[in-house]
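Below is one structure, written out as structure tokens; comments come after it.
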Amino acid sequence: MVIGTFLGVLMLFGTASCSDDHFDVIPESATGAQNLWENILGNGETNDLAAIMRRTIVMKSETDRQGFRNGEMLTYDKLLSDPQAYTVWAPKDGTYDASYYTNLLDQRDAALAADPTDRNAWALNWSVANQFVLNHIARFNYEGVRDRQKVRMLNSKVSYYDASKNIFNTVAMDGTPAINSSNGTLHFLGAVSPFAYNIYDFIASSDDFSKMWAVLSDPTVDHQEFSEAASTQGALDENGNMVYPDSVFYNYNDILNRCGAQIRNEDSVYVALLPSDACWDDAFAKVKSLFRYGKSYAYGWNRTKGEFENKENDAYKFNTDSLADYETNMALISSAFFTSSRFPVENSADSAQVVGYALSADSIISTNNVIYYNSNVGGDNPIFNGQKPVRASNGFVFAVDKYMVDPAYSFISKNDFSLTYGYYVANAKGTTGEEGRDWSELIVLTPETRNEEVKGEIEDDMYRRFEQNGSSNMQVDIRLPNIYSGKYKISAVMVPNRTHIGKINRNNQGEEVDERTMFSCRLYDDAEAIIGSESATITVDPDTIQTYVLFESVEFPKCYVNLPDGYESFPRLRFILSRRNQMRSKNSLNIARIIIEPVRE
């Protein structure tokens with residue numbers, strides 16, 4: 001297989017910053033003898049602009065690499081020669097530093113000469129196209145016949161043209177009459193039109209975010225794959241390999257894909273919490289504390305045996321430092337964006353409402369569903385470090401120089417779950433399942449079966465019952481999901497056995513027997529090592545459904561989140577119902593929910 005290089009279509013698929021029809025040829029009525037390009041080239045006051053346009057390759061988005069039409073290089077001089085209607089607001093010579101853009105194009109040419117597919121070279125071309133050329137061109141013909149108009153530029157930025165005041169995007173027209181052209185109108189500006197940075201542009205362009213940008217643009221995160229199906233086949237070469245004159249590549253950015261925020265979209269409104277270079281290392285260290293991966297992990301859980309099949313010498317071993325760094329970068333950046341569409345404000349386009357809610361809400365949820373709690377309830381959330389937001393074209397950027405996020409108030413969330421699956425039982429009476437292997441009974445309370453003498457409520461009126469088998473110790477092992485390395489408080493909602501009328505223990509005379517279940521708990525890692533100490537013995541109140549704290553603060557030494565595919569591993573919470581604590585033959589554990597929450601110090 002041979003992929004076409006500079007003469008091929010190298011099109012990277014990504015989030016486009018302008019729509020695909022911007023450069024389609026749509027003939028419209030002529031308004032002058034010469035086209036826009038001829039008027040830009042011939043008026044004598046926009047020679048610098050003409051020189052830049054002639055060299056800048058047409059790109060519809062930063063991931064577009066087409067640059068050719070009918071086998072010919074497509075540059076903006078050719079685009080403005082088309083019959084489709086445009087309006088150009090042209091800065092005059094001497095009103096801006098044209099050498100800045102020509103230097104970027106020189107760097108592009110040098111890079112493309114060495115490697116026609118060099119992504120950095122195309123990024124330089126896109127910088128000139130997006131921030132300068134496209135920032136002065138709009139689709140359709142905007143003549144000076146109306147008052148203030150909203151104008152969508154070819155780079156998707158929104159500008160405002162006020163013909164009555166001779167103002168375009170805050171820049172004064174210099175007084176030179178507009179030139180009607182056969183394919184649009186040419187206006188003249190007394191300065192360059194300012195480029196409105198969106199949040200992605202801020203990260204890519206600002207020296208304050210060089211460390212974050214290095215992560216986002218790293219080839220291990222931002223990569224491309226050749227698509228044979230989407231590419232145009234040519235002929236076989238002398239070695240029998242297919243030649244693709246028009247080659248299509250797909251671009252993937254792992255972090256932005258996980259992010260859920262379209263931070264290049266000009267029609268959205270986001271709030272961004274971005275650690276600057278001044279605090280990046282501290283932010284990285286704080287978040288990395290969640291990803292202390294162990295040297296090895298047992299995996300391959302056997303539900304019947306209640307153990308991992310691959311353990312000890314067969315346990316999974318990998319480069320923990322590399323995975324920890326990757327997941328830290330992923331978590332730190334992908335959780336940094338908040339969409340105003342989730343804010344309960346009357347007008348999500350109102351700056352004061354959006355910023356005010358972000359600062360003072362009890363909690364805000366990032367686009368990838370990380371909850372940032374406000375530890376300063378009633379005041380501004382400390383995570384914003386007292387910074388004032390910078391206005392971007394699609395939202396607001398808080399560039400913090402101190403990383404005040406406590407992982408326990410954000411990345412580690414409360415996990416409250418019922419025992420629908422993920423448990424293993426030993427020495428219990430088999431009540432359901434093939435050969436009694438399930439060893440449990442799902443109890444669903446109804447008005448007819450609920451004992452009203454027992455106070456308290458159960459979510460969904462359901463719990464799982466495990467009945468002890470004879471005089472042996474019973475153990476119930478519960479899988480704990482999504483455990484980061486860190487400190488947790490672990491609780492359980494326990495249900496008295498007498499809550500269900502049919503489960504009340506009675507003597508031969510039919511009298512209810514006083515039954516007080518006593519149990520303790522331990523935590524085990526995947527290698528069967530005990531984490532922390534065994535809990536104190538807990539006695540279940542026979543008259544009240546209660547939440548019992550099993551561990552007030554226990555630290556999990558290693559992380560079990562985002563392990564490589566195929567290597568699921570986890571710690572376990574073990575309930576132990578000792579035969580020594582057994583008071584009656586029907587002693588049982590009735591567990592409604594397990595609650596795991598971060599310890600917030």
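Counting all heavy atoms, side chain and backbone alike, Lys414 lies closest to Pro598 at N-CD, 4.1 Å. Here the shortest heavy-atom pairing between Phe551 and Glu534 reads CE2-C, 4.4 Å. When all heavy atoms of Ile333 and Met212 are compared, the pair lying nearest together is CD1-CG, 3.8 Å. Looking at every heavy atom in both residues, Phe570 comes nearest to Leu480 through CB-O, 3.8 Å. Counting all heavy atoms, side chain and backbone alike, Asn310 lies closest to Gly300 at OD1-CA, 4.0 Å.
Using cut-offs of 30° and 60° for the angle between ring planes, the Phe384 and Phe398 rings count as tilted. In this pair, Phe338 and Tyr372 present their aromatic rings perpendicular. The plane angle is above 60°, beyond the 30 to 60° band.
Remark: Trp280 pairs with no residue by the ring pair (Phe, Tyr, Trp, His ring centres under 6.0 Å) rule, at least two apart or across chains. Every residue two or more places apart in sequence or in another chain that forms a ring pair (Phe, Tyr, Trp, His ring centres under 6.0 Å) with Tyr316 is listed here: Phe318, Tyr567. With sequence neighbours excluded, no residue satisfies ring pair (Phe, Tyr, Trp, His ring centres under 6.0 Å) with Tyr373. For the ring pair (Phe, Tyr, Trp, His ring centres under 6.0 Å) test, residues two or more places apart in sequence or in another chain that qualify with Phe343 are Tyr357.
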(request) Start with the C-alpha distance between Phe308 and Tyr297, add both sets of side-chain angles, then the distance that settles ring-ring contact (aromatic ring centres under 6.0 Å, His included), and finish with yes or no. (result) CA-CA 10 Å; Phe308 289 105; Tyr297 286 85; 9.7 Å; no
(request) Show your reasoning for whether ring-ring contact (aromatic ring centres under 6.0 Å, His included) applies to Tyr270 and Phe337. (result) CA-CA 7 Å; Tyr270 293 98; Phe337 308 101; 7.4 Å; no
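Cation-pi contact between Lys286 and Phe411: absent, since separation from the ring centre below 6.0 Å together with deviation from the ring axis within 45° is not met. A cation-pi arrangement is present between Arg391 and Phe396, with the terminal nitrogen or guanidinium carbon under 6.0 Å from the aromatic centre and inside a 45° cone about the axis.
In this structure, a donor-acceptor pair under 3.5 Å is present between the side chains of Asn587 and Thr517. In the model, Ser268 has no side-chain atom that pairs as donor or acceptor with a side-chain atom of Gln262 under 3.5 Å. In this model, a donor atom of one side chain and an acceptor atom of the other lie less than 3.5 Å apart for Glu309 and Asn302.
Counting only residues at least two apart or in different chains, side chain to side chain donor-acceptor pair (under 3.5 Å) contacts with residues 327-345 comprise Arg258-Glu327, Glu327-Asn562, Ser334-Asn368, Ser335-Asn368, Thr339-Ser341, Arg342-Asn369. Applying the ring pair (Phe, Tyr, Trp, His ring centres under 6.0 Å) definition to pairs two or more places apart or across chains, those involving residues 472-492 are Phe291-Tyr484, Tyr488-Phe556.
For the pair Glu552 and Lys487, the salt-bridge criterion is not met [side-chain N within less than 4.0 Å of a carboxylate O]. A salt bridge does not link Asp201 with Arg264: none of the charged nitrogens is closer than 4.0 Å to a carboxylate oxygen. Ion pairing between Lys455 and Asp541 fails under the 4.0 Å rule for side-chain N and carboxylate O.
Counting heavy atoms from C-beta on, the side chains of Asn473 and Gln475 never come closer than 4.5 Å. Annotation: side chain of Asp277 is not in contact with side chain of Asp208 (no heavy-atom distance under 4.5 Å). Two residues are said to be in side-chain contact when any heavy atoms from C-beta on lie closer than 4.5 Å; Cys559 and Arg292 fail this criterion. Contact check for Tyr200 versus Trp213: side-chain heavy atoms found under the 4.5 Å cut-off. The closest side-chain heavy-atom distance from Asn374 to Pro382 is below 4.5 Å. Counting heavy atoms from C-beta on, the side chains of Thr499 and Asn590 never come closer than 4.5 Å. Within the 4.5 Å cutoff, side-chain heavy atoms of Leu445 are placed close to those of His500.
Aromatic rings of Phe466 and Tyr423 (six-membered ring for Trp) have centroids within the 6.0 Å cut-off, being under it.
Of the options Lys211, Lys288, Lys402, a salt bridge (charged side-chain N to carboxylate O under 4.0 Å, His left out) to Asp281 is made by Lys211 and by none of the others. Considering Arg572, Lys311, Lys558, Arg479 in turn, Lys558 is the only one that fulfils the salt bridge (charged side-chain N to carboxylate O under 4.0 Å, His left out) rule with Asp526.
Atom-to-atom distance recorded for Lys489:NZ and Leu550:CG is 10.5 Å, nearest 0.5 angstrom.
Side chain of Arg464 to main chain of Leu419: a donor-acceptor pair is present (N/O by atom type, distance under 3.5 Å, no hydrogens or angles). Remark: the backbone N or O of Gln387 is not paired with any side-chain donor or acceptor of Asn385 at under 3.5 angstrom. Not one N or O on the side chain of Arg465 forms a donor-acceptor pair closer than 3.5 Å with the backbone of Glu441. The backbone N or O of Ser289 lies less than 3.5 Å from a partner atom in the side chain of Ser485, making a donor-acceptor pair.
Around CG of Asn313, the count of heavy atoms belonging to other residues, nucleotides or ligands within 6.0 Å does not exceed 12.
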